[in-house]
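Encoded as structure tokens, the structure appears first; notes follow it.
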Number of protein chains: 2
Amino acid sequence: MERRVFNFNPGPATLPLPVLEQAQAELLNYQNTGMSVMEMSHRSKDFEEIVFTTEALFKEISGVGDDYRVLFLQGGASQQFALIPLNFLSADKTAAYAITGNFAKKAYEEATKLGKIHVAVNTADNKYKEIPRQEDLDIPADAAYLHITTNNTVYGTQWHYIPETNGVPLVADMSSDILSRPWDYQKFDLAYAGAQKNLGPSGVVVVLISKKMLEKVPETLPAIFNYYNLAKKNSLYNTPPTFGIYMLQLVLKWIKAQGGLEAMAKHNEEKAALVYEVIDRYDFYQGYAHKASRSFMNITFRLPTEELEQKFIQEAAAVGLVGLKGYRTVGGIRASVYNAMSRQGCEKLASFMEDFVKKHG
Amino acid sequence: MERRVFNFNPGPATLPLPVLEQAQAELLNYQNTGMSVMEMSHRSKDFEEIVFTTEALFKEISGVGDDYRVLFLQGGASQQFALIPLNFLSADKTAAYAITGNFAKKAYEEATKLGKIHVAVNTADNKYKEIPRQEDLDIPADAAYLHITTNNTVYGTQWHYIPETNGVPLVADMSSDILSRPWDYQKFDLAYAGAQKNLGPSGVVVVLISKKMLEKVPETLPAIFNYYNLAKKNSLYNTPPTFGIYMLQLVLKWIKAQGGLEAMAKHNEEKAALVYEVIDRYDFYQGYAHKASRSFMNITFRLPTEELEQKFIQEAAAVGLVGLKGYRTVGGIRASVYNAMSRQGCEKLASFMEDFVKKHG
């Protein structure tokens with residue numbers, strides 16, 4: 001191995017080094033099977049063991065009970081945007097969507113092609129700078145579900161509370177903050193996450209779903225889109241993304257070895273604080289998100305000019321801090337600091353930011 | 001690396017050793033980027049380069065022209081079973097399906113949930129032992145498309161001709177024999193293949209589609225299911241299975257380095273012949289598929305008793321020949337010998353079969 005950089009990409013994102021090292025070591029011969037995990041039949045005992053262990057580990061770490069299933073499916077969050085209305089939004093119902101960012105809006109738009117949608121809240125007028133409060137949410141009592149996006153990757157905002165829905169099923173896209181903190185996952189009837197931010201490589205999506213929700217799936221649905229079928233077959237209805245699930249298992253083992261979600265939250269809060277502290281100390285840096293809505297996963301900020309932002313990105317890359325360019329609708333800088341970003345990476349970024357303001361401020 | 005076995009699994013299946021070795025070598029640092037290819041943004045220049053190169057390579061190897069696109073999507077063939085009727089079967093039309101095996105039947109069943117389906121042929125009565133002839137196919141002149149499955153993994157049969165459809169668009173599941181021989185791919189309006197047999201790891205599906213077909217996609221379709229949208233965005237509408245596409249690119253480079261499809265066909269025919277020759281030489285072995293329909297990818301045969309079959313599988317595994325158990329509806333033995341199975345593997349299997357019949361026959 002040569003030089004590794006600190007990778008602040010928003011997803012696919014940096015992975016824990018020990019996970020990559022283990023994958024590398026056994027890439028040609030998984031646990032003395034004489035083949036790569038990529039070459040194993042998904043119907044083999046060895047691979048079934050991986051799937052069952054991964055589901056059990058996810059349940060253990062997230063703290064959900066036996067009334068939940070955890071599925072490992074192909075695709076990412078964008079596919080769930082379509083599957084959720086297909087499974088749970090019947091023609092006589094309306095689903096509520098909280099539009100709090102880029103992906104929340106995409107989820108909403110995809111759903112409008114499949115059924116009647118009610119906007120529970122839309123923070124676009126405020127440029128998605130803050131998470132709505134409970135009292136901002138308009139949730140029809142008979143809604144099929146409320147859909148929220150717990151962390152907004154593009155804008156750097158994060159829900160720090162779980163909304164009360166008064167019995168309306170709560171569905172969440174947690175792609176960019178799943179397993180980053182202890183949370184009452186059992187308040188969610190369905191939570192999903194593309195793996196490529198906090199859990200593994202792209203191409204696999206985790207779906208945490210209550211058994212109560214599974215009972216609602218209409219039988220007429222194509223088998224490949226049908227959560228009930230996919231759960232009954234233990235994520236093995238069709239050939240799953242086997243290597244992705246294996247990587248996900250390694251990441252879950254790594255999270256557990258770090259001390260689980262309490263330790264993850266401490267790690268994430270402390271390292272994000274290193275960067276936010278520099279932003280708040282210098283007027284040179286302007287945080288994008290309102291303080292109370294700040295994300296511990298994606299840190300967004302602007303510099304005085306676009307030229308300086310460009311220079312920031314270039315000079316950072318030159319010292320091994322990469323992937324810092326903000327999303328086009330926000331501009332500026334975005335540092336994505338998911339579970340796998342080390343404290344050392346954030347220290348180096350904070351220190352670079354101090355140097356940069358001294359040099360150019 | 002320790003011992004590698006000869007892996008006759010039907011898919012996920014064995015991969016070329018040089019491909020795995022390259023992936024292993026650069027797993028922690030892809031081409032001096034300082035990160036794994038799994039950690040790269042799908043919007044980065046480096047990854048876009050991989051996608052564009054992979055599409056160009058696929059077109060070069062398959063010999064299709066500029067009126068085709070090659071997409072690399074999430075999921076596998078099972079998802080295409082649903083996407084094809086969603087994209088191309090309007091309410092006023094009927095689609096024709098040739099039911100020639102297990103996956104052909106699954107494609108048919110999924111389609112019946114989405115539109116009106118006509119059975120062009122069904123070889124179930126003959127236990128799927130042979131591929132239908134042109135004159136067996138009943139293709140309505142106004143069908144939306146004819147769907148065939150070019151190689152039947154479970155039964156070990158393969159289409160050795162491309163059916164004439166008289167203008168009806170031809171759609172094919174080529175999951176288990178894509179790029180295994182030179183073929184006139186331009187006779188197909190859409191050909192798709194889960195990567196995990198001839199092209200790479202599971203979790204990525206290749207869709208070869210004519211631009212003419214893309215024009216037929218209805219705008220109302222959810223974006224994630226919409227081939228037109230997916231093609232327009234160059235397989236980057238959402239986060240694609242980046243590592244799978246990278247592996248697929250390495251496999252395509254390997255195919256090209258071997259001499260392309262002419263060389264692949266020679267390699268595949270010769271090595272399958274080694275095994276078929278033993279089957280035909282001894283009454284002890286009974287080939288499942290009719291000779292004229294035999295597959296060069298999956299070799300299916302029975303032994304005199306199930307006990308002997310069990311013993312065969314065990315003794316073969318003991319000498320490093322694994323994944324030989326037949327599918328439950330056929331029983332017996334299945335040797336899957338895709339592109340990446342070496343001649344040496346088939347030689348060893350043929351030699352083992354000779355020894356086995358001498359010992360137990």
Side-chain angles (χ1 to χ4, degrees), chain A residues 1-5 7 9-15 17 20-21 23-24 27-29 32-36 38-42 44 74-79 81-82 106 109-110 113-114 194 196 200-204 220-225 237-244 247 320 322-323, chain B residues 1-5 7 9-15 17 20-21 23-24 27-29 32-36 38-42 44 74-79 81-82 106 109-110 113-114 194 196 200-204 220-225 237-244 247 320 322-323:
Chain A
M1 184 187 61
E2 298 163 51
R3 171 189 79 109
R4 293 255 308 163
V5 295
N7 174 3
N9 271 319
T14 195
L15 289 163
L17 187 58
L20 285 171
E21 285 170 340
Q24 184 178 46
L27 199 76
L28 271 59
N29 189 355
N32 212 27
T33 54
M35 62 182 79
S36 177
M38 277 182 262
E39 302 174 298
M40 280 167 46
S41 170
H42 59 299
S44 65
Q74 289 172 316
S78 298
Q79 180 146 329
F81 296 168
K106 281 191 181 182
E109 284 169 349
E110 193 81 312
K113 293 190 170 176
L114 293 159
Q196 67 269 18
S202 63
V204 51
T220 49
L221 210 56
I224 194 73
F225 301 148
Y237 163 67
N238 65 326
T239 314
T242 53
F243 185 74
M247 287 297 295
V322 308
Chain B
M1 183 187 64
E2 298 162 51
R3 172 189 78 109
R4 293 255 308 162
V5 296
N7 174 2
N9 272 319
T14 195
L15 289 163
L17 187 57
L20 286 171
E21 285 171 340
Q24 184 179 45
L27 200 77
L28 270 60
N29 188 355
N32 212 28
T33 55
M35 63 181 80
S36 176
M38 278 182 261
E39 301 174 299
M40 279 166 47
S41 170
H42 59 297
S44 64
Q74 288 172 317
S78 298
Q79 179 147 330
F81 296 168
K106 281 192 181 181
E109 285 169 349
E110 193 80 312
K113 293 190 169 176
L114 293 160
Q196 67 269 19
S202 63
V204 51
T220 50
L221 210 54
I224 193 72
F225 301 148
Y237 163 67
N238 65 328
T239 316
T242 53
F243 185 74
M247 287 297 295
V322 309

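Letters go in sequence order (proteins before strands), and every chain restarts at 1.
The backbone N or O of B:Ile224 sits nowhere less than 3.5 Å from a side-chain atom of A:Gln79 that would complete a donor-acceptor pair. In this structure, the side chain of A:Gln74 does not engage the main chain of B:Gln74 through any donor-acceptor pair within 3.5 Å.
Interface check for chain B: of the options A:Pro222, A:Gly203, A:Pro241, the most heavy-atom pairs under 4.5 Å are formed by A:Pro222. Each of B:Pro10, B:Pro240, B:Ala223, B:Gly323 has some count of heavy-atom pairs under 4.5 Å with chain A, and the biggest count is that of B:Ala223. For the set B:Ala77, B:Gly11, B:Ser41, B:Pro201, the entry with the most heavy-atom pairs within less than 4.5 Å of chain A is B:Ser41.
For B:Leu114, the part lying near chain A is the side chain, with the backbone staying farther off; criterion is any non-hydrogen pair under 4.5 Å. Heavy atoms closer than 4.5 Å to chain A are found in the backbone of B:Thr220, but not in its side chain. For B:Met35, the parts lying under 4.5 angstrom from a heavy atom of chain A are both the backbone and the side chain. Contact annotation for A:Val204: neither backbone nor side-chain heavy atoms come within less than 4.5 Å of a heavy atom of chain B. Using a 4.5 Å cut-off between heavy atoms, A:Ser44 makes no contact with chain B at all.
Annotation: side chain of A:His42 is in contact with side chain of B:Pro12 (closest heavy-atom distance under 4.5 Å). A 4.5 Å side-chain heavy-atom check between B:Phe225 and A:Lys113 finds every atom pair outside the cut-off.
Summarising the geometry, atom CD belonging to B:Glu110 is positioned 8.5 Å from atom CG belonging to A:Leu221; distances are rounded to the nearest 0.5 Å. Summarising the geometry, atom OG belonging to B:Ser202 is positioned 10.5 Å from atom CE belonging to A:Met40; distances are rounded to the nearest 0.5 Å. The distance from atom NZ of A:Lys106 to atom OH of B:Tyr237, rounded to the nearest 0.5 Å, is 5.5 Å. In this structure, A:Gln24 CD and B:Asn29 CG are separated by 10.0 Å, a value rounded to the nearest 0.5 Å. Note that CG of A:Leu28 is 13.5 Å distant from CZ of B:Arg3, once rounded to the nearest 0.5 Å. Taking CE from A:Met247 and CE from B:Met38, the interatomic distance works out to 4.0 Å, rounded to the nearest 0.5 Å.
Minimum heavy-atom separation, B:Leu20 to A:Leu27: O-CD2, 3.7 Å. Of all heavy-atom pairs between A:Asn7 and B:Glu39, the closest is ND2-O, 3.0 Å.
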